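Keep in mind it's a predicted model, so treat the numbers as computed, not measured. Residue numbers run from 1 in the order of the sequence given.
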Amino acid sequence: MDLQEIKTDLMPRIGDKAPDFEATTTTGKLKFSEFNTGKWVIMFSHPADFTPVCTTELTAFAENMEFFTTMNTRLLGLSIDSIHSHLAWVNNVREKLGVLFNFPIIADTDMHIAKLYGMLHGNESSTATVRAVFFIDPDGFIRLIMYYPLNVGRNMEEIKRVLVALQTADENQVALPANWKEGDKVIIPPPKSVHEMLERVADDELDKVDFYLAKKDL
Ligand code: BEZ
């Protein structure tokens, strides 16, 4: 199939329910909705096994496994390589770098899941998934999507930062300013009525630029 024919309007977007699927992975068969139950999931695609940038990226994910576990988050990789290729690559990285990719990697040889999640961008590559990252909450909703091209690796610190940001925003009903990191002040949602606006104006406790831009410590 010509990848440029894939309909991009079918791609899931922020706020959509993550499409369910069954997959063959490096840790066995997996049904996404079960894997996602009660957990955040970061699902990410890489272009191909045994390629340099992908090796650095999946190594970075594996090295941060403890962080993701602490954040109640499961990792789920995907490429359109076979399970045999995945296993050979996992073993090669284990031998050469001493790092085990101890999260499931989907062998999506028929591209079924890659198409379902819009991971094939035909003008970037007709043979490989781009570097997509989907942040999916425990209710199964897509909360943040990243796409990177084939020649630029993803930033693990940014992936960790936005995961903390999403969870912090949910837990505290706040929004987060540019470049926010854990420990920084958070934004209180703007008032929605004149009454709330006057209350906000009168509140001297807040770090306030004006009624619509007010921050507080958590
Ligand atoms: C890489 O991971 O290094 C890579 C993969 C596909 C195309 C180009 C680079």
**Student:** Please round to the nearest 0.5 Å and tell me the distance separating atom CG of L87 and atom CG of N92.
**Tutor:**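 These two atoms lie 12.5 Å from each other.
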**Student:** Can you see which heavy atom on S45 is nearest to which on V130, and at what distance?
**Tutor:**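 Heavy atoms only, the tightest pair is OG-O, 2.6 Å.
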**Student:** How far does NZ of K160 sit from NZ of K181, to the nearest 0.5 angstrom?
**Tutor:**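 The NZ atom of K181 is 14.5 Å from NZ of K160, to the nearest 0.5 Å.
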**Student:** State, to 0.1 Å, how close A48 and C54 come at their nearest heavy-atom pair, and which atoms those are.
**Tutor:**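 Minimum heavy-atom separation between A48 and C54: O-SG, 3.5 Å.
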**Student:** Quick check: closest heavy atoms across A114 and D108, and the distance to 0.1 Å?
**Tutor:**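 Answer, listing the atom of A114 first, then D108: N-OD2, 2.7 Å.
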**Student:** Please check if the number of heavy atoms outside E66 that lie under 6.0 Å from its CD is greater than 12.
**Tutor:**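 No.
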**Student:** Walk me through it: do T24 and K29 pass the test side chain to side chain donor-acceptor pair (under 3.5 Å)?
**Tutor:** CA-CA 5 Å; T24 300; K29 296 271 182 205; 3.1 Å; yes
**Student:** Is V99 linked to L58 within one hydrophobic cluster, defined over Ile, Leu, Val, Met, Phe, Trp and Tyr using a side-chain heavy-atom separation of less than 4.5 Å?
**Tutor:**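 Linked within one cluster.
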**Student:** For a side-chain contact (heavy atoms from CB on, under 4.5 Å) check, start with the C-alpha distance between I142 and R13, then their side-chain angles and the critical distance, and finish with the verdict.
**Tutor:** CA-CA 7 Å; I142 296 171; R13 304 192 184 199; over 6 Å; no
**Student:** Apply side-chain contact (heavy atoms from CB on, under 4.5 Å) to residues T168 and W180 and explain how you reach the verdict.
**Tutor:** CA-CA 11 Å; T168 300; W180 179 87; 3.7 Å; yes
**Student:** Is the side chain of R200 donor-acceptor paired with the backbone N or O of D210 at a distance under 3.5 Å, no angle test?
**Tutor:**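 Side chain of R200 to backbone of D210: no pair is present.
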**Student:** Provide the closest heavy-atom pair for A107 versus I83 in the form atom of the first, atom of the second, distance.
**Tutor:**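 Scanning both residues completely, I find the closest heavy atoms to be CB-N, 3.5 Å.
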**Student:** Linking I/L/V/M/F/W/Y whenever any side-chain heavy atoms sit under 4.5 Å apart, do M65 and V164 land together?
**Tutor:**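 Yes, one cluster joins them.
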**Student:** Working to the nearest 0.5 angstrom, can you tell me the gap between L166 CG and R161 CZ?
**Tutor:**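 Here the rounded value is 9.5 Å.
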**Student:** Can F135 and I159 be said to form a side-chain contact (heavy atoms from CB on, under 4.5 Å), step by step?
**Tutor:** CA-CA 9 Å; F135 294 76; I159 287 171; 4.0 Å; yes
**Student:** Evaluate the side-chain contact (heavy atoms from CB on, under 4.5 Å) criterion for residues Q167 and T73: first the C-alpha distance (whole Å), next the side-chain angles of each, then the deciding distance (0.1 Å), finally the verdict.
**Tutor:** CA-CA 11 Å; Q167 295 190 5; T73 300; 3.7 Å; yes
**Student:** Ignoring hydrogens and geometry, is there a side-chain-to-backbone donor-acceptor pair from R131 to L150 under 3.5 Å?
**Tutor:**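 Yes: the side chain of R131 pairs with the backbone of L150.
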**Student:** Taking the side chain as C-beta and beyond, is there a heavy-atom pair between M146 and V162 under 4.5 Å?
**Tutor:**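 In contact.
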**Student:** Examine L78 and F134 and state if one hydrophobic cluster contains both, with Ile, Leu, Val, Met, Phe, Trp and Tyr joined whenever side-chain heavy atoms are less than 4.5 Å apart.
**Tutor:**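 In one cluster: yes.
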**Student:** Once rounded to the nearest 0.5 Å, what's the spacing between atom CD1 of I187 and atom CG of N172?
**Tutor:**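 I187 atom CD1 to N172 atom CG measures 13.5 Å (nearest 0.5 Å).
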**Student:** Would you find more than 12 non-hydrogen atoms of other residues, nucleotides or ligands less than 6.0 Å from D110 atom CG?
**Tutor:**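 Counting other residues, nucleotides and ligands, CG of D110 exceeds 12 neighbours.
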**Student:** Report yes or no: do L213 and M197 belong to one cluster of Ile/Leu/Val/Met/Phe/Trp/Tyr joined by side chain heavy-atom distances under 4.5 Å?
**Tutor:**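 Yes; tracing contacts between hydrophobic side chains, which count when under 4.5 Å, links both residues.
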**Student:** Only one of F44, W89, F61 clears ring pair (Phe, Tyr, Trp, His ring centres under 6.0 Å) with F101; which?
**Tutor:**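 Going through the options one by one, the only one that passes is W89.
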**Student:** Answer yes or no: does atom OH of Y212 have more than 12 heavy-atom neighbours from other residues, nucleotides or ligands under 6.0 Å?
**Tutor:**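 No, because the 6.0 Å sphere around OH of Y212 holds 12 heavy atoms or fewer from other groups.
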**Student:** Between D170 (side chain only) and Q173 (backbone N and O only), is there a donor and an acceptor less than 3.5 Å apart?
**Tutor:**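 No: the side chain of D170 does not pair with the backbone of Q173.
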**Student:** Hydrophobic clustering (ILVMFWY, side-chain heavy atoms < 4.5 Å, transitive) - are L30 and V41 grouped together?
**Tutor:**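 As far as the 4.5 Å side-chain criterion goes, L30 and V41 are connected within one cluster.
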**Student:** Taking the side chain as every heavy atom from C-beta outward, state whether P12 and Y117 have any atom pair closer than 4.5 Å.
**Tutor:**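 Sidechains of Y117 and P12: in contact.
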**Student:** Between N155 (side chain) and E158 (backbone), is there a donor-acceptor pair under 3.5 Å?
**Tutor:**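 Yes; at least one donor-acceptor contact below 3.5 Å.
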**Student:** Is a side-chain donor or acceptor of K17 paired with a backbone partner of D139 at a separation under 3.5 angstrom?
**Tutor:**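 Yes: the side chain of K17 pairs with the backbone of D139.
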**Student:** Can you name the nearest heavy-atom pair linking D203 to K208, along with the distance?
**Tutor:**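 That closest heavy-atom pairing would be O-NZ, 2.8 Å.
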**Student:** Check for me whether the distance between the ring centres of H121 and Y147 falls short of 6.0 Å.
**Tutor:**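 When the ring centroids of H121 and Y147 are compared, they turn out to be within the sub-6.0 Å range.
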**Student:** Tell me whether T51 contacts the main-chain N or O of V53 through its side chain, where contact means a donor paired with an acceptor under 3.5 Å.
**Tutor:**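 Answer holds: no.
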**Student:** Quick one: NZ on K31 to CZ on F21, what's the gap to the nearest 0.5 Å?
**Tutor:**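 Nearest 0.5 Å value for the NZ-CZ distance: 10.0 Å.
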**Student:** Is a side-chain donor or acceptor of S126 paired with a backbone partner of G122 at a separation under 3.5 angstrom?
**Tutor:**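 Checked: no pair found.
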**Student:** Taking atom types as modelled and ignoring hydrogens, do the side chains of H46 and D49 form a donor-acceptor contact shorter than 3.5 angstrom?
**Tutor:**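 Result is yes, a qualifying pair exists.
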**Student:** Which atom pair, heavy atoms only, marks the closest approach of F32 to L76?
**Tutor:**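 What the structure gives for the nearest pair is CD1-CD2, 3.9 Å.
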**Student:** Quick one: CD1 on I113 to OG on S79, what's the gap to the nearest 0.5 Å?
**Tutor:**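 Between I113 CD1 and S79 OG, I get 11.0 Å after rounding to 0.5 Å.
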